[in-house]
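Every heavy atom of this structure was used, including side-chain atoms; hydrogens, water molecules and symmetry mates were not.
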Amino acid sequence: MKKKLVSALLVSTMAVSAFVGCGAAAEETPAADSTEATEETAEASTDDAIANLIAATEGTVNIDLWCSETEEYQTVMKKLCDDFAAQYPDVDFNITLGAVSEADMKDRVLEDVEAAADVFVFPDDQLEALVKAGALNEVAAQYTYDMNETDTPATVDAGKYDGKQYGYPFTASNGYFLYYDKNQLSDEDVASWEALTAKAEELGKEVGCETANGWYLYGFFKGAGCNLTENEDQSNNCDWNNETGLAAAEALQKIASSKAYKSYGNDDLLANLNDGKVVAYVSGTWNVNAFSEAYGDGYAATKLPTFEVNGEAKQMASYSGYKFVGVNAYAENTGWSMLLAEYLTNATSQEAVYEATGEGPSNTEALAKASSPALEALAAQSEFAELQRVGGNYWTPAESLGKNILEGKVSQQVLDDAVAGITQPVE
């Protein structure tokens, strides 16, 4: 608790300075110049707040930062942290970079919140659990930019819980679509799963989607017209065992029965992609470098294919999402952690992250400069995408259902068992 108290004092120093600055300027400024004065006052307040933080800082400022373990992320985040420290030459920083998969971030943080990183990157679907566990510091004020003016409204809103902001918008491309080699596949080939598997069989190549993974499996059932929602207690509602769900499972089983269809995890996907076997696969922006290198001048991407359910073409749906930078409520140096979080998520930093990783910015200025087949495909798929909001009891039964479908074990009982697991009460 001592660590939190010290941090809170630093934040209070920043906030009080900002409020005092605004009040003093307001008394001295004529009404006719109120707009110009407000802008000047805000800038002065920011400068005062940061100056007060610098003056209150003694000794080394230690900040632990956790982000994706990929080489691209580790490299760009190290550069950004060095650049941040260089902005404040009078402060001695010790910023330590840790490698933690974003998919595992919530679990790692909640193992021991007080011992977790001061600043960390997490996907939007983890926000509620992190807030409820008291692991995130509220973004009650900003000092170098205003996310409500710089970032897409959807991203900002996804970082809120119960009306309060807890996440600094970082990327807006956490979804999936279809990568393909346009030197081997035409637009018609990638329009439907039926055409895609047929063409891949003809070529002796592979195509596919990680079917035994609830994140992707959802796209088939949702596309067919089924529903999956989360309750307030983090249990789930799911109707995948109805008539439509059975038809969707049978349709997917038929697609997966093609000798060209594969359900690779990410590591196996990349291994086979490098061997030239895979000519089309469902993935996301985190693999943009791998696909662009593998396909060369044939590199292309598009929305997800349709698939036939009871003779009718259905558009495969998907999850969409965002990534945020969060500040630990128990950060050793909350004031500096907040400023680092702001720096990592400003327009220039988001541009750097895009250039390094291919992930789309949430900052509108940075987004306007970003252009790639992957981001265009993501935008095309966004019409059929939803934010991931699902309780923890979903994942294991969904994985088992995906495995059963891949093995050709599709029946009403299999679906009933899956739904019973997905909707089981939260203990």
Original post:
Going from CD on E206 to CG on L269, what distance comes out if it is rounded to the nearest 0.5 angstrom?
Top reply: 10.0 Å

Subject >> Q350 and S362 side chains, donor-acceptor separation under 3.5 Å >> reply: yes

Subject >> From CG (D297) to OG (S292), nearest 0.5 Å >> reply: 12.0 Å

Original post:
Charged N to carboxylate O under 4.0 angstrom, R389 versus D124?
Top reply: yes

Subject >> Pair N266, N287: side-chain N/O donor-acceptor within cut-off below 3.5 Å >> reply: yes

Original post:
Quick one: OG1 on T345 to CG on L80, what's the gap to the nearest 0.5 Å?
Top reply: 10.5 Å

Original post:
Less than 4.0 Å between a side-chain N and a carboxylate O, is that true for K160 and D157?
Top reply: yes

Original post:
At what distance, to the nearest 0.5 angstrom, does CG of N272 lie from NZ of K262?
Top reply: 8.5 Å

Original post:
Have D83 and Q87 got a donor and an acceptor in their side chains that come within less than 3.5 Å?
Top reply: no

Original post:
Do W286 and E359 have a side chain donor and acceptor closer than 3.5 Å?
Top reply: no

Original post:
Just checking, any donor-acceptor pair under 3.5 angstrom between side chains of S349 and N346?
Top reply: yes

Original post:
Between K259 and E201, does at least one N-O distance fall below 4.0 Å, as a salt bridge requires?
Top reply: no

Original post:
Would you say the side chain of F177 lies within less than 4.5 Å of the side chain of V282, judging by non-hydrogen atoms?
Top reply: no

Original post:
Rounded to the nearest 0.5 Å, how far apart are CG of D146 and CD of E342?
Top reply: 9.5 Å

Original post:
Would you call E407 and K403 a salt bridge, using N to O less than 4.0 angstrom?
Top reply: no

Original post:
Is the closest side-chain donor-acceptor distance between S235 and N231 under 3.5 Å?
Top reply: yes

**OP:** Assert yes or no for the condition that the ring centre distance of Y176 to Y216 is strictly below 6.0 Å.
**Re:** yes

Original post:
Taking the six-membered ring for Trp, are Y299 and F291 ring centroids under 6.0 Å apart?
Top reply: no

**OP:** Show your reasoning for whether ring-ring contact (aromatic ring centres under 6.0 Å, His included) applies to F220 and F307.
**Re:** CA-CA 8 Å; F220 289 98; F307 62 108; 5.3 Å; yes

Original post:
Strictly by modelled atom types, are Y218 and Q388 linked by a side-chain donor-acceptor pair under 3.5 Å?
Top reply: no

Original post:
Does E250 come within less than 4.0 Å of K254, counting only side-chain N to carboxylate O?
Top reply: no

Original post:
Between K314 and E312, is there a side-chain N and carboxylate O pair less than 4.0 Å apart?
Top reply: yes

Original post:
Taking the six-membered ring for Trp, are W66 and F122 ring centroids under 6.0 Å apart?
Top reply: no

Original post:
For residues D118 and S337, is any side-chain donor paired with an opposing acceptor at under 3.5 Å?
Top reply: no

Original post:
Under 3.5 Å, is there a donor-acceptor pair linking the side chains of W336 and T57?
Top reply: yes

Original post:
Do you know which two heavy atoms are closest between L228 and Y319, and how far apart they sit?
Top reply: CD2-OH, 3.6 Å

Subject >> Any donor-acceptor N or O pair under 3.5 Å, side chains N393, N236 >> reply: no

Original post:
Got a second to check how far I63's CD1 is from N94's CG, nearest 0.5 Å?
Top reply: 9.0 Å

Original post:
Side-chain donor-acceptor pair under 3.5 Å between E210 and S263, yes or no?
Top reply: no

**OP:** Would you please classify the geometry between the F221 ring and the W240 ring as parallel, tilted or perpendicular, with 30° and 60° separating the classes?
**Re:** parallel

Original post:
Is the distance between the ring centroids of F93 and F84 under 6.0 Å?
Top reply: yes

Original post:
Counting heavy atoms not belonging to E383, are there more than 12 under 6.0 Å from its CD?
Top reply: no

Subject >> Flag for K303-Q315: side-chain donor and acceptor within less than 3.5 Å >> reply: yes

**OP:** Could you verify whether a donor N or O on one side chain and an acceptor N or O on the other, from D416 and Q412, lie under 3.5 Å apart?
**Re:** yes

**OP:** Verify whether one side chain among E72 and T357 offers a donor that lies under 3.5 Å from an acceptor in the other.
**Re:** no

